[in-house]
Amino acid sequence: MKVVLKNLTKKFPDRNKKNSYVTAVNDFNFEIPDGKLVALLGPSGCGKSTALNLICGLEKPTAGQIFFDDTDVTSLPPERRGVGMVFQNYALYPHLSVRQNIIFPLENLKGENKLTKDQMNEKAVEVAKLVQIDGLMERRPGELSGGQQQRVAIARALVKTPGILLLDEPLSNLDARLRIQTREEIRRIQKETGITAIFVTHDQEEAMSISDLIIVMETGVIQQIGKPQDVYDDPCNLFVAKFLGTPPVNLFSGRIKNKTLFIGEDPVISTDCEDTDDITVGIRPEGFIPDNNGGLKCRLDNIEVMGRDTSMVSTHPAAISNPIRSIIAADTKYDRKSSEVAFSVKPSKLFLFDKDGSRINRDFIP
Amino acid sequence: MNKNLKGFLYLLPALLFLSVFMIYPLIDVLIYSFEEGYNFASQTYKGIGLYNYFYVLRDPYFIQALKNTFIIVIITVPVSTGLALVIAYLLSLIKPLRDFFQTVYFLPYVTNTLAVGLVFMILFKKTPYSDGLINVLINAFGGSSVDFIDGPYAAKMFVMCFYTIWVVLPFKILILTSALASVDPNYYKAAKVDGTGSFRIFFRITLPMISPMIFYLIITGFIGAFKAYSDEVALFGTDLNSAGMNTIVGYIYDMLYGDSGGYPSYAAAAALILFIIVLTITCINLLISKRKY
């Protein structure tokens, strides 16, 4: 099912001040195509969970509309929207077995949709097989591991064959290893069912790795929507550039003079830009190439060899956040003993931002 | 071994006090209950046997006390727990004035027993000046006055149960309100997304979630009701036998210190019978409430 949000806004009354409001979701406009896995990505408190609750129907929007395909569902209660929801702490009923938990939503069906006991069981087993917990049907949630509980929660959300699956921070309660495993599992289930899935996360790696589309938001405002790689390669502002990528983008204060970008006093690259002062320069860690003729001269502090590649830790007087972390291929030649390193910069990994943090789109001539 | 000794040394003061003031008296009660014809003044007895138990079980006053206690237990425990559950649930539903109502429902708990007794006097007691507020109400609906304090057994039992329920209700409401508030709201959200009706939410989610608290209230309620005595005195005075409203604990007290008192053996036997009853019922309760998570 396609999800379309039009001017969706949600304001909460401010707890501290009377007659003032906190805007959790500010004028959302986007369309999620059918059968895609979409990540709502942002730091905590940015309103991403509120956005999910609005789509689910647990919260009523202050303004705007929500469409599923062509149906306006804005005023419908959650149970009539045909959505399945997986909660952050799973919200599995501890006194019911896995089977009873999965069947629970089916037992609510009334009228002509009512199912017999056998039909319910059949459906429960079917969905349990999909998430690979069919061997645990008689256990209680307390007897399952975190990952297994997560699967039960997904099975319960899917048993009514909803058009849309919503997941609120689905991986935050799992340990690091299980997280990678489970996120692939979510991807597999989503692909197998072909369901439209929206998940909320603050972990950019999680969002980048499995989603078809990511929506980056901050303080209730959408910053950028796009394919993960596109958003990473082409961030529209400083916030998005900073939020995506580990290690994070390296920031420098710079200026442009005579069609050359200077970082501090170092000429780095030629550009077609007019002369400007006060520019923030962002360079992705993988954008540095050790090059004796390179313009960016840094003091080399440390070299961390991590097998696949090497991380150079250096400092530069014009860097906004020292140290600078650069990742270079392990076979790159560099002088290990030197206390200085010079870099040339890959133009595609270099972004310019103005004082307000908006991106300045310019061509660089390497 | 040395370590164990050191541990016991630390425990010694507590163990000493416990054995002198708890364990020894308990054993003493057990011994008293088997000593026949025990004389309090000379501290002598004629023999050892089960005579005290037979006497107590054949004593019409004890049978009456047993009957009264059972009626109070069977009526007040389920009614007060059920009522508390309903009130606590309704309290959890309303938003405005919730604090106000919570305070109102909790007031009896912090009110002086004498003040409560006074209130019940005004409500139920017949005096030369008034028949009591309840009788005024009954008269208004065309009924004739009932003497709740010195009248028929059913009327007295009604007042007794009413009073007991009213006294225990605040604590139960308090416990259940906090139990209801401690249920993770995500369960309700999940149930809502699945389209669960409010009836089903209550019986399939809320009730099982707070059931440990309910069982706790039922068990302590049973024990408390079996130990009922002071409330009876507050309503009917100290001569409970002639009022026909004595309880087991009242009977034990009377046997020890009352006008018919001076029979610690009978009191001990009655106390042990009460102990066995409470133990049995608590065990049954625990068996029923035992569940696997």
Side-chain angles (χ1 to χ4, degrees), chain A residues 49 52-53 55-60 76-97 100-111 113-114 138-144 149 152-160 162 164-169 173, chain B residues 81-82 84-85 88-89 92-100 102 175-219 285-293:
Chain A
S49 287
L52 199 74
N53 284 342
I55 297 170
C56 175
L58 286 169
E59 300 272 8
K60 290 255 167 294
L76 289 183
E79 67 268 21
R80 290 183 52 204
R81 293 190 180 192
V83 293
M85 178 109 171
V86 177
F87 289 86
Q88 187 172 1
N89 61 356
Y90 317 138
L92 297 173
Y93 309 123
H95 54 286
L96 301 180
S97 70
Q100 289 167 318
N101 261 293
I102 298 176
I103 284 177
F104 197 89
L106 296 176
E107 289 171 335
N108 293 326
L109 295 173
K110 282 185 211 119
N113 298 325
K114 212 172 161 75
E138 306 312 325
R139 299 232 197 137
R140 303 227 179 210
E143 298 165 338
L144 301 178
Q149 289 185 25
V152 178
I154 294 176
R156 187 178 64 180
L158 287 176
V159 73
K160 268 201 201 167
I164 296 158
L165 178 65
L166 305 170
L167 304 109
D168 190 358
E169 300 261 6
N173 283 0
Chain B
T81 312
L85 185 62
Y89 183 65
S92 76
L93 291 184
I94 57 164
K95 266 219 178 94
L97 294 178
R98 181 191 294 175
D99 290 340
F100 170 74
Q102 265 173 357
I175 294 283
L176 289 176
T177 325
S178 56
L180 284 170
S182 70
V183 177
D184 186 342
N186 276 320
Y187 292 124
Y188 298 131
K189 281 192 200 162
K192 211 170 152 196
V193 174
D194 293 335
T196 318
S198 51
F199 233 71
R200 213 170 113 80
I201 289 181
F202 182 77
F203 284 105
R204 288 296 301 275
I205 300 172
T206 313
L207 214 51
M209 291 279 178
I210 62 169
S211 67
M213 272 302 147
I214 293 177
F215 276 111
Y216 161 75
L217 287 180
I218 288 175
I219 290 173
N285 266 326
L286 286 175
L287 278 181
I288 294 170
S289 65
K290 199 172 232 172
R291 295 178 326 143
K292 295 163 261 160
Y293 264 127

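Convention: sequence-line order gives letters A, B, ...; per-chain numbering from 1. Here the structure is a predicted model, which is why all the values come from computation and not from measurement.
Heavy-atom pairs under 4.5 Å with chain B peak, among Val83(A), Asn89(A), Val86(A), Leu106(A), at Asn89(A). Ranked by heavy-atom pairs shorter than 4.5 Å toward chain B, the options Val159(A), Leu92(A), Asn108(A), Leu109(A) are led by Asn108(A).
Using a 4.5 Å cut-off between heavy atoms, Phe104(A) touches chain B through backbone and side chain atoms alike.
Counted within 6.0 Å of NZ on Lys114(A), heavy atoms from surrounding residues, nucleotides or ligands total 12 or fewer; the atom is thus considered open. Around CZ of Arg80(A), the count of heavy atoms belonging to other residues, nucleotides or ligands within 6.0 Å does not exceed 12.
In terms of heavy-atom proximity, Pro94(A) sits nearest to Tyr187(B) at CD-OH, 3.6 Å. Between Asp194(B) and Glu79(A), the closest heavy-atom pair is C-CB, 4.2 Å. Among all heavy-atom pairs drawn from Val193(B) and Pro78(A), the shortest one is CA-CB, 3.9 Å.
For Tyr216(B), the ring-ring contact (aromatic ring centres under 6.0 Å, His included) test picks out no residue, with sequence neighbours left out.
Looking at Leu96(A) and Arg204(B), their side chains come closer than 4.5 Å, going by heavy atoms from C-beta outward. Residues Asp184(B) and Phe87(A) have side chains not in contact (no heavy-atom distance under 4.5 Å, counting atoms from C-beta outward). Counting heavy atoms from C-beta outward, Glu107(A) and Arg200(B) have side chains that approach closer than 4.5 Å. Side-chain atoms of Lys192(B) and Pro77(A), non-hydrogen and from C-beta on, never get closer than 4.5 Å to each other.
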